[in-house]
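Read through the structure below, which is laid out as structure tokens, and then see the notes.
Residue numbers begin at 1 in each chain, while the letters A, B, ... track the order of the sequences. Quick note: numbers below take in every heavy atom, side chains included, and nothing from hydrogens, waters or symmetry partners.
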Amino acid sequence: MIITLKDNVQKEFAEGVSVYEVAKSISEGLAKSAICGKLNGELVDLTTTIDKDSALEILTFNDDEGKLVYRHTAAHILAQAVKNIFPTCKLTIGPAIGNGFYYDFDFKTPITADELEVIEAEMKKIIKANFKLERFVLSREEAIKLMKQYDETYKLELIEGLPEDSIISFYKQGDYVDMCRGPHLYSTGMVKAFKLTSLTGAYWRGSENNKMLSRIYGTAFDKKSDLNEYLEKVEEAKKRDHNKIGRELGFFMTDENIGQGLPLLMPKGAKTVQLLQRFVEDEEERRGYMLTKTPLMAKSDLYKISGHWDHYKDGMFIIGDETKDEEVFALRPMTCPFQYTIYNNGIKSYRDLPCRYGETSTLFRNEASGEMHGLIRVRQFTISEGHIVCAPNQLEEEFKGCIDLIYFMLDAIGLREDVTFRFSKWDKNDKAKYIDDEEAWAKAESTMKVILDHLGLKYTEAIGEAAFYGPKLDVQTKNVYGKEDTIITVQVDMFLAENFDMTYIDENGEKQRPYIIHRTSMGCYERTLALLIEKYAGAMPLFIAPVQVKIISLTERQIDLTKQIKQELMSKGIRCELDNRNETVGYKIRSAQLDKVPYMVILGDKEAEMNVVSVRNRKDGSLGTMSLNDLIAKIEEEVKNRIK
RNA sequence: GCUGAUAUGGCUCAGUUGGUAGAGCGAAUCAUUCGUAAUGAUUAGGUCGACAGUUCGAUUCUGUCUAUCAGCUCCA
């Protein structure tokens, strides 16, 4: 029997050889670090035996899939520990995730975070006991019987969702049995380092209509030092949390009298957003976008045409009571219907297409109370919104143009390396959320897929993440907690042109239905600002720094000079502030440094006499003296290059 | 909306097993006029998130609400 190993190495083995034995034949070291096998593309246990010619890869903790299996076993150890301490709790599911694992339990009486330590201690005992994870399979009927015996009602519910003829696998470690696809580590003692990180709530099967369970999160590594390094990294990342330093540095604030999800941008935050907004508006104009400025609210009639009234009403702030025969308005949650109304003003010819509308648009969405988060999730936000109305044969070119613009923007603010793409599709079973027209969705999604593939974009697919009117290409980023959010989106809309009866006259004088792209250049400014604060830990790149230069006087004698220098810098469009406080120069430098101001100009008798300025950079410290013109040239050059 | 936690001067946090509170930073004032990450002194600042209830008395106990945080769900 021939087994094809890594790098196409082929080796002869006797039938019935186990994955572990193959690993051992390669090297003792590999056998020691082996976690599981990948046999003909399927993940398998080390104890799995092979009885025919196969391709086999031995996975270790260095492989992503190896990490998942390792952490999945850690999740089972967690569940065993919890069962030991709380025998009445019921098991649900416990997968490995990005940086660790979790397990959801239904406790008779909810536990508190303090009890995680007790559970950790129990897990250590289980690891020390080094139980083997023994796999066995049962028919569906036998599986039901076993789970009834253990009174695991959630597992029973899972089994009920499986086909009649399913063969269901279980893993047993000590006296703990869990229904699980596997694979797993050979024994519990192979888990070298773990930590339970948090206790939260989570809905059974991810639906808010179901019971809320207790979720315990943890992580595991094959080395204690790597675990500590990871935990430190997480702590470091939290120090960049925009919600903390954005407030400390005076970018934004909130107030309980104003309300949830309604942040106030303070002078620094407002300045950076203004700079981003001007940058986007100017670039869009260069790329043929026409500026619109449309109302922040409209009568319900508009949203009834667009479909928002049927599919997005819960997300809107509505003014007036329909049942009382009043005129009902709603604050706009999106700009589309307004720009479509502009398009429909007058007959459009194919010569008018593509018609690119852009607007710096303030939107209102009535998010549920628990969903707000700093500047990332808010109830009022301002977005570089736009819609491109085009002929079908222009769609691909226009879509490409959107992607090109997005790359341009991401490069400018330095986030290009931090994003991933997600192709967001509809969920045909969710009739309430989506316009119900299977044929149109299929067409929209396949059209979009062709374009994405032509562009050669790498993307993941997500069912049920589309907008109610069409599929989306979402540009995803992660915040300091590792939570993913959409920063930018491009959407193909095959419905609203119909709803608004939008048309153009083609070359043959016939009325045609245009395609529409919904898109944003930089996403909403609040969220983008949040991500920038986290990316740069509050030290904004020079071209969007709210204050670029802090001018520091050494003694009272320089006060007039500082004012004069400020005037000259401001006349060149350089944003600067004075620090003429009666403090030592060291104190004022420290203060500017903590404020993350990119450049400091220090003026004393010496500089006044020699007609130069002393310059300091927040990153490199003192740069010595130079003429004011040289400093201006240096700053202008850096601003021109943006983050490069 | 759901689960859990939190709310004390502008900020970060002590504290009171029920008798209305303190520190550091910051601010103001005064002195100092200083050479690249903290000069010194003085002063002012709090109905302890809001509203009810229990109590002779509530910042402390109970309830409701509001806001904030983590997660779920939802989403730009």
Exercise. Calculate the interatomic distance between A:Ile559 atom CD1 and B:C34 atom C1'; express it in whole Å.
Key: 13 Å
Quiz item: How far, in whole Å, is B:G10 from B:U6 if one measures between their P atoms?
Solution: 23 Å
Practice problem: Could you tell me whether A:Thr520 contacts a base, only the sugar-phosphate backbone, or nothing, with contacts defined as non-hydrogen atoms closer than 4.0 Å? | Solution: nothing
Quiz item: Separation of A:Met253 atom CE from B:G49 atom P, in whole Å?
Solution: 18 Å
Exercise. Give the rounded distance in Å between these two atoms: NZ of A:Lys619 and C1' of B:U36.
Key: 18 Å
Quiz item: Which residue, A:Glu534, A:Arg527, A:Arg247, A:His373, forms the side chain to side chain donor-acceptor pair (under 3.5 Å) with A:His242?
Solution: A:Glu534
Quiz item: Could you state the CD1-P distance from A:Ile589 to B:U36, rounded to the nearest angstrom?
Solution: 7 Å
Quiz item: If you measure from the P atom in B:A41 to the same atom in B:A5, how many Å do you get, rounded?
Solution: 44 Å
Exercise. Could you check A:Glu232, A:Glu117, A:Glu120 and say which one makes a salt bridge (charged side-chain N to carboxylate O under 4.0 Å, His left out) with A:Lys195?
Key: A:Glu120
Quiz item: Expressed in angstrom and rounded to an integer, what is the separation of A:Arg581 atom CZ from B:U39 atom P?
Solution: 11 Å
Quiz prompt | Inter-nucleotide P distance (B:U36, B:G49), Å rounded | solution = 45 Å
Practice problem: State, without any angle test, whether A:Ser521 and A:Glu283 hold a side-chain donor-acceptor pair at a distance under 3.5 Å. | Solution: no
Quiz item: With a cut-off of 6.0 Å (strictly less than), are more than 12 heavy atoms of other residues, nucleotides or ligands near NZ of A:Lys431?
Solution: yes
Quiz item: How far, in whole Å, is B:U20 from B:C48 if one measures between their P atoms?
Solution: 13 Å
Quiz item: Hey, where does RNA chain B pair up into stems, meaning at least three consecutive Watson-Crick or G-U pairs with distances under 3.5 Å?
Solution: B:1-7 with B:66-72, B:10-13 with B:22-25, B:27-31 with B:39-43, B:49-53 with B:61-65
Quiz prompt | Whole-Å P distance, B:G1 and B:U59 | solution = 28 Å
Quiz prompt | Distance flag, aromatic centroids of A:Phe381 and A:Tyr525, threshold under 6.0 Å | solution = no
Self-check item: Sub-6.0 Å ring centroid separation between A:Phe101 and A:Tyr103
Solution: no
Self-check item: Distance, C1' atom - from B:U73 to B:A37, rounded to whole angstrom
Solution: 46 Å
Quiz item: When you match A:Arg618 and A:Glu556 each to their closest nucleotide on RNA chain B, which lands nearer the 5' end?
Solution: A:Glu556
Quiz prompt | Anti versus syn assignment for B:G45, with syn defined as within 90° of 0 | solution = syn
Quiz prompt | RNA chain B contacts among residues 593-610 of chain A, heavy-atom distance under 4.0 Å | solution = A:Gln593, A:Leu594, A:Ile602, A:Gly604, A:Asp605, A:Lys606, A:Glu607
Exercise. Assign A:Glu248 to base, sugar-phosphate, or nothing according to its heavy-atom contacts below 4.0 angstrom with the strands shown.
Key: nothing
Quiz item: Among A:Tyr469, A:Trp441, A:Phe468, which residue meets the ring pair (Phe, Tyr, Trp, His ring centres under 6.0 Å) test with A:Phe495?
Solution: A:Trp441
Practice problem: State whether a side-chain donor-acceptor pair under 3.5 Å links A:Thr562 with A:Ser553. | Solution: no
Quiz prompt | Residues A:Lys244, A:Glu248: salt bridge by 4.0 Å N-O rule | solution = yes
Quiz item: A:Phe105 has an atom CZ; how far is it from atom P of B:G4, in whole Å?
Solution: 17 Å
Self-check item: Nucleotide-resolved protein contact map, nucleotides 62-76 of chain B, B/S/- at heavy-atom distance under 4.0 Å
Solution: ----BSSSSBBBBBB
Quiz prompt | A:Gln558 and A:Thr555: side chain donor to acceptor below 3.5 Å | solution = yes
Self-check item: Distance in angstrom units between A:Asp579 CG and B:U36 C1', rounded
Solution: 13 Å
Quiz item: B:G45 and B:G22: how far apart are their C1' atoms, nearest whole angstrom?
Solution: 13 Å
Quiz prompt | Geometric cation-pi criterion A:Arg287 and A:Phe408, 6.0 Å radius, 45° cone | solution = yes
Quiz item: Would you say A:Pro471 and A:Phe423 make side-chain contact, with heavy atoms under 4.5 Å?
Solution: yes
Quiz item: Considering only the C1' atoms, how many Å lie between B:A67 and B:U29, rounded to the nearest integer?
Solution: 36 Å
Exercise. Could you tell me the separation between the CE atom of A:Met266 and the P atom of B:G10, rounded to a whole number of Å?
Key: 14 Å
Self-check item: Residue pair A:Thr625 / A:Ser614, side-chain donor-acceptor N/O under 3.5 Å
Solution: no
